[in-house]
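As structure tokens, the structure follows; a few thoughts come after it.
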Amino acid sequence: MLIRLALRNLLRNLPRTLISASAVCLGLAILIIGDGLADGAHNQMVKDGIAAQAGHVVLQQRDWQEKRDLNLTIPDAAEMAARFQSAIPGATVVSRIYFQGLLTSPSGSAGVGLSAVEPPKERIVDDIRDHLVQGTDLADAARGGAIVIGTNLAETLDVGIGDKVVLMAQHGPDIQSHLFRVTGIFSYGIDEIDGFFAQIPLRDAQDFLGLHDQVTQISAHLAGSRQLAPALSAARAAFPEPELDVLSWKQAMPDLYEWITIDSAGLYIMIMIMAVIVAMGILNTVLMSVLERVREFGVMLALGLKPGQLFRLVLWEALFLGIVATAVGLALGLAGNAYFTVHGLDYAELAGGSMEASGVALNSLIHSDLSPSKTVIFSLMALAITVISAVYPAWRASRLSPVDCLQHH
Amino acid sequence: MSIVTTRNLHKDYLQGSLEVHALRGVDFTLERGEFAALMGPSGSGKTTLLNLIGALDSPSSGEIFLDGQDLSRMSAAQLSELRLRRLGFVFQAYNLVPVLTAYENAEFVLLLQGVPEAQRRERVMPLLAEVGLEGMENRRPSELSGGQQQRVAVARAIAGQPALVLADEPTANLDSKTSYALMDTMRHLNEEHGVTFLFSTHDPRVMESARRVIRLVDGRIESEDRR
Ligand SMILES: Nc1ncnc2c1ncn2[C@@H]1O[C@H](COP(=O)(O)OP(=O)(O)OP(=O)(O)O)[C@@H](O)[C@H]1O
Ligand SMILES: [Mg+2]
């Protein structure tokens, strides 16, 4: 009986019911879409960061993480890489040397961050080929001594495909220099990357720096982040040497990890604020609907309706409102999410430029990546907020005294 | 056997800092099967007395026995249960739940009493016919006239088979013709089913249908007529 009464009461002031419902419904839809986009952006940044700057699991000489010193390399790199590979058979294992240098052309010079890579294998893990605007990547380069640079760097040095540049870098007491030929020019649309980053073949770097069979990092790239934990422990078991560090990407790229954590925290704070606003709105409308029905509630109480039944009546109303609003909000949110999963959101167009965090570009097209468990949690949260917001008005209704109500008109 | 007995009933209200003595010692007994009217000028205490007898409010002093039970010894929950099982109410206006049909309003008390559906229907349908609402069972209160709404309220009050029906100015919002028709219906229910009625009114012609008239003045019973 209370249920039937609750449903009819909701239909009685349909505009108000719809306004309350749409607050919950839109809040939930925005939450689902926003969170899907945020996770999509974060996952993509992690993927790109892992691809270009580390791996899901990395092997480094102890202290290299802090010092980034070319004296802290991994010896016997080929054997170590093989051991790494057999520890994590499903992964793609690549070796790299990261170092800084000065790149000079006849018309200028610029500091560069270099990544010396194994060309054919590197292509499996990084996406530089997708961002080439001119020339080829290292794997397609005709001969050794090739370098791939970004558009801004090419502009600063005033060089094009086939032009010569000289790379100078310090290892030990001497400054080494080596001639490279520009084989490819890429553009990520991010100044920090396009103006600073360059890629050369690992063999050339080892030759000219005098680091034979040595690298700064061997990294394992997994198919998905879910295999991270087992891969990490397998790698740790395979490298018991105290002078070697096995790190996860979170430790290898602490800045990126921190940035994503802070960005997510910001989102959660916004969610909390939104939840409070929606809750206040519901509380307000439900309280209004209770106060409007004082006379009617008074009659029912006088006839022998128990205060607890009246309390439940108001909660039933909120529950039904919440169920409908949550269902519609969930449907809207999933629909929006499906759209952004397939078509993506052009972030650059919205924000007026690309974004970068810790040297990782946020691709201008963000594809949603919604977590099913968070969707369930958000939906239950929306329902709970609706019902909990009605507790105070329901309590007020249950405390009404029939005599006072009956004098009310 | 008496249904209601009050002893030296007092009720004071605070209006701001002013104490209002709404009832000043009411001693009064109502027997089973009576059809009694409370008369009196505005502010004489009719509503106050009906609310006390109806277990909706508690007296400042004095005692009320309903069906032999001392109301002052009962908890709020027990009083609510007592109203549900032993009392019927008809108020002046806005008696009905707007979202329920005439039938649903009439069966409301039975629902609260936990009477099963078939029995509810068996009791409510003839009652609605008896108060002249046959064929209007599915109308909402907004689709009924004021007199028809009061009839639904009377049917609802009777349906729970109470020991006593209390009606505070049930005809106040009705025109005179409709008022007399409603009183005839109530009187008929009193005679046919033996339902005890206590109602208040301002209207001398409405009062005429009563077999006992209690006159209240300034919170005291001034006189009584039986006929
Ligand atoms: N809740 C209240 N607070 C303060 N004073 C009250 C309250 N209810 C009633 N009174 C006062 O008590 C007195 C009796 O009121 P009551 O409503 O019982 O009279 P009544 O005979 O029903 O009058 P009416 O014919 O106008 O309905 C009046 O003076 C009224 O102002
Ligand atoms: Mg009155």
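Every chain is numbered from 1, with letters handed out A, B, ... down the list of sequences.
With a threshold of 4.5 angstrom between heavy atoms, B/Arg156 approaches chain A through side-chain atoms but not through N, CA, C or O. For B/Gln113, no part lies near chain A; criterion is any non-hydrogen pair under 4.5 Å. If you measure heavy-atom distances from B/Glu117 to chain A, you find no contacts under 4.5 Å at all.
Between A/Leu406 atom CG and B/Asn51 atom CG the span is 7.0 Å, to the nearest 0.5 Å. Atom CE in A/Met300 sits 12.0 Å away from atom CG in B/Leu96 (nearest 0.5 Å). With rounding to the nearest 0.5 Å, the separation of NZ in A/Lys306 from CG in B/Leu84 is 5.0 Å. How far CZ of B/Arg140 is from CZ of A/Arg12: 9.5 Å, rounded to the nearest 0.5 Å. The CD atom of A/Glu296 lies 8.0 Å from the CG atom of B/Leu100; values are rounded to the nearest 0.5 Å. Taking CG of B/Leu111 as the start and CG of A/Leu303 as the end, the distance is 12.0 Å to the nearest 0.5 Å.
The two residues B/Phe91 and A/Ala302 make their nearest non-hydrogen contact at CZ-CB, 3.8 Å. Closest approach of B/Leu56 and A/Val403 over heavy atoms only: O-CG2, 2.7 Å.
Although no hydrogens or angles enter the test, the distance criterion places no donor-acceptor pair under 3.5 Å between the side chain of B/Arg83 and the main chain of A/Gly304.
Counting heavy-atom pairs closer than 4.5 Å to chain A, the top-ranked of the candidates B/Val97, B/Thr47, B/Leu79 is B/Val97.
The shortest distance between side-chain heavy atoms of A/Arg293 and B/Val99 does not fall below 4.5 Å.
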